[in-house]
Amino acid sequence: MSLSFVFCGNFHLLSNSIGSTCGIRLLKQHSRLIYETLLTSRRQQIRHFSTTVLARSTRKGSKQSFSNNRHLHGESVEPSIEVFKQSELEQFKSLQCYNVDDKISGVKTEWPATILVFDIETTGFSRREDRVIEFAVRDLMGGKNSTFQTLVNPEKDVKNTFVHGISNRMLCRPDVPRFRELIPVLLQYVWSRQMDSKPVLWVAHNGRSFDVPFLFYEFRRCKVEMPGDWLFVDTRPIANQLVDSNGSKLSSVSLENLREHYKIPLTGSAHRAMQDVTTLCYVLQKLTFELKLTVPQLLEKSFRVSDLPAARHER
DNA sequence: GGCCCTCTTTAGGGCCTT
């Protein structure tokens, strides 16, 4: 399957899914077992997480459904729909490689993997000293409940608010989960999006050096092992293959530079997790289309958390 | 910290992530 086919088709869905938000409410019935398994050291109260989440209830094999009770807590976690205006959506639509409606109409797309584009905001660059303060992910399949985002209480001072605008005041609230409380929700999100026994492929920019090792350390601090069958792909080395109109390599392959290279409009604040996820979704679409990368080829470039030097050193 | 590039490989500097 051509990745451009997938992404162009999904681009259509992505545009539609931008307006798709709902809340996630942890259901005691489904979450208690995981909570009691993972959180033995401290009795936890079931919390309302404000997110744009979660399970596609019609997905075959989905292990559970979620209520759609919206429970947003102010400025801290705003659903992505609020940062997009109709005019901006029209701009996104103009980025389509071709009219996918004609090509995918009536065609049942067989996805070889669940592709989850994600991003994190942290208190700094050190995976040992710093903590995750925001997590966002978008399932490229799109549709209702395809996104998930939440702030995370790092249990330490945030000193880089100037980067992302996330302050201590926004995080030190009873309704903002700690990472150990986020884990079961994240696992449920992935299970709800996974198709049959097909692989889950996480995509992040500079993910091999930053996002994935950061998550590894967060999971390890919570004494929970990251699923060994999760696959990850880093878009940064892929972007290194790009050349400009003069045939020269791009001077920079930062996400910001790639956004400008592809003339993707900036909506909302950069360095907020869901905003960067949305940008990366479009960059990924353009990138794979330009380099003619297929999903199997993307899977070939993937790695597992056990491949990380940080994980190998732990053995 | 990992990857990429080059004035390289017995190395070192820059990029990218918050």
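Protein chains get the first letters and strands the later ones, always in sequence-line order, with residue 1 at the start of each. Just so you know, these numbers come straight off a predicted model, no measurement behind them.
K249(A) comes within 4.0 angstrom of the backbone, heavy atoms only, and of no base.
Distance CG (L308(A)) to P (dG2(B)): 8 Å, rounded to an integer number of Å. Here the C1' atom of nucleotide dC4(B) and the CD1 atom of I238(A) are 15 Å apart, to the nearest Å. Taking atom CG on N240(A) and atom P on dG2(B), their separation rounds to 17 Å, with Å as the unit.
Taking a cutoff of 4.0 Å between a charged side-chain nitrogen and a carboxylate oxygen, E134(A) and R272(A) qualify as a salt bridge. A salt bridge links E155(A) to R178(A): at least one charged side-chain nitrogen sits closer than 4.0 Å to a carboxylate oxygen. R173(A) has a carboxylate O that lies under 4.0 Å from a charged side-chain N of D175(A), or vice versa, which qualifies the two as a salt bridge.
Atom name C1', nucleotides dT17(B) and dA11(B): the rounded distance is 24 Å, in whole Å. Between dG13(B) and dT8(B), the distance separating the two C1' atoms is 12 Å to the nearest Å. Of the P atoms belonging to dC16(B) and dT10(B), the separation is 27 Å, rounded to the nearest Å. dT9(B) and dC4(B) have their C1' atoms separated by 14 Å, with the value rounded to a whole Å.
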Please list, pair by pair, any protein nitrogen or oxygen found under 3.5 Å from a nitrogen or oxygen in nucleotides 16-18 of chain B.
unit_1, atom_1, unit_2, atom_2, d
dC16(B), OP1, S252(A), OG, 2.6
dC16(B), OP1, V253(A), N, 2.5
dC16(B), OP1, S254(A), N, 3.2
dC16(B), OP2, S252(A), OG, 3.2
dC16(B), O2, N206(A), ND2, 2.9
dC16(B), O2, R236(A), NH1, 3.4
dT17(B), OP1, L255(A), N, 2.7
dT17(B), O4', N206(A), ND2, 2.9
dT18(B), OP2, H271(A), ND1, 3.3
dT18(B), O3', E121(A), OE1, 2.4
dT18(B), O3', T122(A), N, 2.8
dT18(B), O2, N160(A), ND2, 3.3

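Contact check for K159(A) versus T123(A): no side-chain heavy atoms found under the 4.5 Å cut-off. The closest side-chain heavy-atom distance from D244(A) to L250(A) is below 4.5 Å.
Q285(A) and Y262(A) are not linked by any side-chain donor-acceptor pair at a separation below 3.5 angstrom, with hydrogens and angles left out of the test.
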